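Keep in mind the model is a prediction, meaning the values are calculated, not measured. Computed over heavy atoms, backbone and side chain alike; hydrogens, waters and symmetry mates excluded.
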Amino acid sequence: QVRLVESGGGLVQPGGSLKLSCADSGSGYPWDYYGIGWFRQAPGKEREVVSCISLSDGSTSYEDSVKGRFTISRDNAQNTVYLQMNRLKPEDTALYYCAAADYNDYRGLCYGMDYWGKGTLVTVSS
């Protein structure tokens, strides 16, 4: 049973950093997903993609507003994907979700997610 669990959220001042983690606590086996993605949803807004990574070749993609500030990485041995967030801004405030895709979607790395976590809240405020 897949159970994605996010952690690492919290309250941080503008300009600060947080590192989010996404782990699969359900399977007990090495990850065999095609890719993992981070998404976020701010109050009153639709969910949007943040960043995604292929677990096979490590290719990545980033939403334009986070390029140069956020870094996604994987540790396949630990069944964990990380999102390092630097130079955080108030507009980064959102509930951050991780999601996993079983297969490569022709539309791109951040499409076709099959499993979702419940999210971890990131609040950027002074």
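- Residue pairs meeting the salt bridge (charged side-chain N to carboxylate O under 4.0 Å, His left out) criterion with at least one partner in residues 45-55, sequence neighbours excluded, are Arg40-Glu48.
- With sequence neighbours excluded, no residue satisfies side-chain hydrogen bond (donor to acceptor under 3.5 Å, both in side chains) with Asn104.
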Tyr34/Asp105 under side chain to side chain contact (heavy atoms under 4.5 Å, CB included): CA gap, chis, key distance, verdict:
CA-CA 9 Å; Tyr34 174 76; Asp105 193 293; over 6 Å; no
N/O donor-acceptor pairs under 3.5 Å from side chains in residues 117-126, not counting sequence neighbours:
unit_1: Thr120; atom_1: OG1; unit_2: Gly9; atom_2: N; d: 3.1

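- Linking Ile, Leu, Val, Met, Phe, Trp and Tyr whenever their side-chain heavy atoms come within less than 4.5 Å leaves Leu18 and Leu95 in two separate clusters.
- In this structure Phe39 satisfies the ring-ring contact (aromatic ring centres under 6.0 Å, His included) test together with Trp116, sequence neighbours excluded.
- Here the straight-line distance linking atom OG1 of Thr60 with atom CD1 of Ile72 works out to 7.5 Å at 0.5 Å rounding.
- The shortest side-chain heavy-atom distance between Val12 and Ser17 does not fall under the 4.5 Å cut-off.
- For residues 55-91, no residue pair satisfies the disulfide bond (SG atoms under 2.5 Å apart) rule, not counting sequence neighbours.
- Qualifying side-chain contact (heavy atoms from CB on, under 4.5 Å) partners for Ser7, counting only residues two or more places apart in sequence or in other chains: Ser21.
- Using a 4.5 Å heavy-atom cutoff, the side chains of Asp24 and Tyr33 are in contact.
- Listed by first and then second residue, the disulfide bond (SG atoms under 2.5 Å apart) pairs involving residues 64-96 amount to none (not counting sequence neighbours).
- A 4.5 Å side-chain heavy-atom check between Met85 and Leu20 finds at least one atom pair inside the cut-off.
- Scanning both residues, Leu55 and Asn76, for their nearest heavy atoms gives O-ND2, 3.2 Å.
- For Ser59, the side-chain hydrogen bond (donor to acceptor under 3.5 Å, both in side chains) partners at least two apart in sequence or on another chain are Asp57.
- One hydrophobic cluster, built from ILVMFWY side chains closer than 4.5 Å, cannot hold both Leu109 and Tyr115; they sit in different ones.
- For Ser73, there are no side-chain hydrogen bond (donor to acceptor under 3.5 Å, both in side chains) partners, not counting sequence neighbours.
- A disulfide bond (SG atoms under 2.5 Å apart) check over residues 66-126, counting only residues at least two apart or in different chains, returns the pairs Cys22-Cys98, Cys52-Cys110.
- Among all heavy-atom pairs drawn from Ser51 and Leu83, the shortest one is CB-CD1, 4.2 Å.
- Scanning for side-chain hydrogen bond (donor to acceptor under 3.5 Å, both in side chains) contacts around Arg69 gives Asp92, with sequence neighbours left out.
- For the residue pair Ala100 and Leu4, the shortest heavy atom distance occurs at N-CD1, 3.7 Å.
- The ring-ring contact (aromatic ring centres under 6.0 Å, His included) pairs that include a residue from residues 58-107 number zero, where partners must be two or more places apart or lie in different chains.
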